[in-house]
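Encoded as structure tokens, the structure appears first; notes follow it.
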Amino acid sequence: MSMELVNVNVGLLGCGTVGASLCKLIDEQSEAIAERTGLTLGVALVAVRDVSQSRDVPIDPSLFTDDPNSVIESPDVDVVVEVMGGINPSKELILKALELGKPVVTANKELLATHGDELYSLAKQSEVDLLFEAAVAAAIPIIRPLRESLVGEPITRVMGIVNGTTNFILTKMAEDSMPYADALDEAQRLGYAESDPTADVEGHDAAAKAAIIASLAFGGQVTLGDVHVEGITKITPEDIDFAHRLNHCIKLLAITEKQKIDGEDALCVRVHPSMVPLTHPLATVRESFNAIFVEGDAMGELMFYGRGAGGAPTASAVLGDLIDASCNLKRSNSASIGEFKPMKISPISDLESQYFLEVEVDDQPGVLAQVATVFGEHHVSIRSMEQEGLDSEARLIFITHKAFESDFQAAIKALNELEAVRSVGTVLRVIGID
Ligand code: NAP
Ligand code: HSE
């Protein structure tokens, strides 16, 4: 018996890297989608900034408009896909679509990490879907596993490489000795970077994803402002060399973990470059690939791996959500994300971590002892140290045992005040040796 087909008309907000790939994917997969789901998906209207621009997409040019409100309000549009990016006007447009009872699929992590609570709560109230698998790590299914499969798991920590641009840059610098600026240009050319790549290289894109992951993994309200952020712009080729000599690589990690502060549960959510041992699964993640490493008391360790950026991988995740939202619409159903409870966020100064540090000092008797004394006075214990002679100075490379961030930062301040210290180089947090 053949399945009865149901038409679902899509209103697309944005037809750039992701939107254009989605149009192509819908066109290529329409027959297979109809066969498997009984849905015939069609793009009814597309909002862009510049309607005069010619676009390589299988969409009739008469369907383009520069008025996104008209897309939302059109009676011909059943489901809205927002791939414009930015907070405004995306937020108002999504709120309006939800108020009108139209399901929304979005890839907009910046918006969700800033105003997620308001959007999730309106979706719940309106009993329509707001789906966002593509917002974190593009093609990798991580939102659905966190919302569904792992919802009962006592998750303890999630660590991820969640920005394709920076992972691409760090890989090219490490493996091909490519200068930072050339690697960034290449990442932009390949469609990995945000329209303003500062969001990628300064860690803000990864921070938005960290906030979304933290909310879902721990059920707490976490916004972009709660995330401690450091990007990769200060990482030098020398830092990468040092890391390799110590059997590590440097990755920009988004980390969220539960801590107890004064007996109360707190979340630490942070993004920073980290030294990762070459034996850790995250060290094998190269180029624009992403991976999310989830640790839980019952399940142990899980790693999700795949393409974390680019038009087609992101469109793949958007299409999955679009089909899901359309099926739910057909059944007058919706998947609510639930409500996140307020949760204490612990400051970075409360972090306990191992650290890598490079210090250049005068090569004179007693200097090493002075440096070691500063560490000792600030409760920082040295795990390993290497010394390299330069002309009249010496380079000292330390890895510490676990220490409190506040103690470690105080030790750096004190080191900078020593006359024999010429410079304190990059500081990196080290993942999992102790
Ligand atoms: P993009 O290439 O810059 O495309 C943005 C599109 O939105 C363009 O078509 C633009 O129109 C349109 N647009 C922007 N502001 C508009 C406005 N006010 N009114 C009407 N149209 C407007 O961006 P993208 O890379 O596709 O990213 C889109 C979203 O997906 C962002 O939220 C991004 O963070 C997210 N995302 C991207 C990736 C990726 O790898 N690129 C991966 C995951 C998630 P014009 O074409 O006329 O300029
Ligand atoms: N600019 C983002 C990245 C796109 O490089 O990962 C995917 O969200």
Side-chain angles (χ1 to χ4, degrees), residues 11-23 45-57 59 64-72 80-94 104-114 132-140 142-143 160-171 183-184 186-210 212-213 231-232 252 254 271 285 287-292 306-318 321:
L12 189 57
L13 305 179
C15 193
T17 306
V18 180
S21 294
L22 179 67
C23 292
L45 282 172
V46 185
V48 289
R49 247 181 317 227
D50 177 7
V51 278
S52 67
Q53 200 183 306
S54 88
R55 294 167 199 267
D56 177 24
V57 285
I59 303 285
F64 282 84
T65 170
D66 59 6
D67 175 10
N69 276 295
S70 68
V71 175
I72 307 288
V80 173
V81 172
E82 185 277 308
V83 282
M84 283 178 14
I87 306 281
N88 294 312
S90 298
K91 182 184 166 204
E92 286 69 31
L93 293 165
I94 292 178
V104 175
V105 175
T106 178
N108 194 333
K109 55 260 165 165
E110 186 192 1
L111 176 61
L112 293 169
T114 317
F132 51 92
E133 188 61 74
V136 177
I140 305 176
I142 181 65
I143 301 299
I161 295 170
V162 293
N163 183 270
T165 303
T166 46
N167 204 44
F168 181 85
I169 295 171
L170 291 172
T171 306
L184 174 57
E186 182 74 353
Q188 285 182 280
R189 195 186 59 75
L190 291 166
Y192 303 149
E194 296 301 300
S195 44
D196 176 2
T198 317
D200 295 294
V201 296
E202 294 293 1
H204 302 295
D205 174 81
K209 293 164 181 169
I212 296 170
I213 290 174
I232 64 158
L252 183 73
V271 168
V285 180
E287 305 263 345
S288 69
F289 282 88
N290 282 193
I292 296 124
R307 287 217 173 265
T314 311
S316 164
V318 172
D321 276 353

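Only heavy atoms go into these numbers, but all of them, side chains included; no hydrogens, no water, no symmetry mates. Read the numbers this way: they start at 1 and go in the same order the structure lists the ligands and their atoms. Note that the structure is predicted; figures quoted are calculated from it, not measured.
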What is the closest protein heavy atom to [atom], and at what distance does it sit?
atom                    : answer
atom 27 (O) of ligand 1 : V18 CG2, 3.9 Å
atom 5 (O) of ligand 2  : T165 OG1, 2.6 Å
atom 28 (C) of ligand 1 : V83 O, 3.2 Å
atom 43 (C) of ligand 1 : T314 CG2, 3.3 Å
atom 31 (C) of ligand 1 : G85 CA, 3.6 Å
atom 17 (C) of ligand 1 : M84 CE, 3.8 Å
atom 4 (O) of ligand 1  : G16 CA, 3.3 Å
atom 11 (O) of ligand 1 : R49 N, 3.1 Å
atom 35 (C) of ligand 1 : A107 O, 3.4 Å

Out of all atoms in ligand 1, which are within 4.0 Å of some heavy atom of [X]? Include the element for each.
X    : value
P89  : 18 (N)
G310 : 39 (C), 40 (O)
G191 : 39 (C), 40 (O), 41 (N)
A134 : 43 (C), 44 (C)
E194 : 33 (C), 34 (O)
A309 : 40 (O)
N108 : 32 (O)

Which atom pair, heavy atoms only, marks the closest approach of [X] to [Y]?
X    : Y    : result
V271 : A210 : CG2-CB, 4.1 Å
N108 : G86  : ND2-O, 2.8 Å
A312 : S21  : N-OG, 3.5 Å
T166 : V201 : CG2-CA, 3.8 Å
A107 : V318 : CB-CG2, 4.5 Å
D50  : R55  : O-NH2, 2.9 Å

Using distance alone, determine whether N290 and ligand 2 share an N or O pair under 3.5 Å.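 No, N290 has no N/O under 3.5 Å of an N/O on ligand 2.
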Considering distance alone, does some N or O of G164 sit under 3.5 Å from an N or O of ligand 2?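 Among all N and O atoms of G164, at least one is under 3.5 Å from an N or O of ligand 2.
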Would you compute the distance between atom [atom1] of [X] and atom [atom2] of [Y] and round it to the nearest 0.5 angstrom?
X    : Y    : atom1 : atom2 : answer
I169 : I232 : CD1   : CD1   : 4.5 Å
T198 : H204 : OG1   : NE2   : 8.0 Å
N163 : N290 : CG    : CG    : 7.0 Å

T165: what forms a side chain to side chain donor-acceptor pair (under 3.5 Å) with it, not counting sequence neighbours?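 Expected list: none.
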Residues T65, D67; criterion side chain to side chain donor-acceptor pair (under 3.5 Å); working and verdict: CA-CA 5 Å; T65 170; D67 175 10; 5.3 Å; no
Does some side-chain heavy atom of [Y] sit less than 4.5 Å from a side-chain heavy atom of [X]?
X    : Y    : result
D200 : Y192 : no
M84  : L93  : yes
L111 : F132 : no
V162 : I213 : yes

Which atoms of ligand 2 sit under 4.0 Å from any heavy atom of [X]?
X    : value
E194 : 1 (N), 2 (C), 4 (C)
D200 : 1 (N), 2 (C), 3 (C), 5 (O)
A193 : 1 (N)
N163 : 2 (C), 3 (C), 5 (O), 6 (O)
Y192 : 1 (N), 2 (C), 3 (C), 4 (C), 5 (O)
K109 : 4 (C), 7 (C), 8 (O)

Using only atom types and a distance under 3.5 Å, with no angle test, would you say the side chain of E82 pairs donor to acceptor with the backbone of G85?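 A pair under 3.5 Å: yes.
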Check: G164 main-chain N/O paired with S288 side-chain donor or acceptor under 3.5 Å: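 Flag not set: sc S288 to bb G164 has no pair under 3.5 Å.
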Can a protein heavy atom be found under 4.0 Å away from atom 23 (O) of ligand 1?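 Flag for atom 23 (O) of ligand 1 set to false, no protein heavy atom closer than 4.0 Å.
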[X] N/O to ligand 1 N/O under 3.5 Å:
X    : value
S195 : no
G86  : no
C15  : yes

Test item, E82 contacting ligand 1 (heavy atom, 4.0 angstrom):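 Outside the 4.0 Å threshold, so no.
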Within the structure, is a non-hydrogen atom of G308 found at a distance of less than 4.0 Å from ligand 2?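 Yes; G308 lies near enough to ligand 2 that a heavy-atom distance drops under 4.0 Å.
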Candidate list L22, L13, L12, test side chain to side chain contact (heavy atoms under 4.5 Å, CB included), partner V83, passing option: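 Of the listed options, the one satisfying the test is L12.
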Would you mind telling me if ligand 1 is within reach of the side chain of R55, the backbone, both or neither, using heavy atoms under 4.0 Å?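 The answer is the side chain of R55.
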Residue part near ligand 1, for K109, under 4.0 Å between non-hydrogen atoms: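 It is the side chain that touches ligand 1; the backbone stays farther off.
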Selected option - heavy-atom contact closest to atom 12 (C) of ligand 1, from A187, G14, S90: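 Answer by nearest heavy atom: G14.
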Take atom CG in D56; do more than 12 heavy atoms of anything else shown fall under 6.0 Å from it?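 Not buried by this count: 12 neighbours or fewer within 6.0 Å.
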For ligand 2, the portion of T166 having any non-hydrogen atom under 4.0 Å away: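 Looking at T166 and ligand 2, no heavy atom falls under 4.0 Å.
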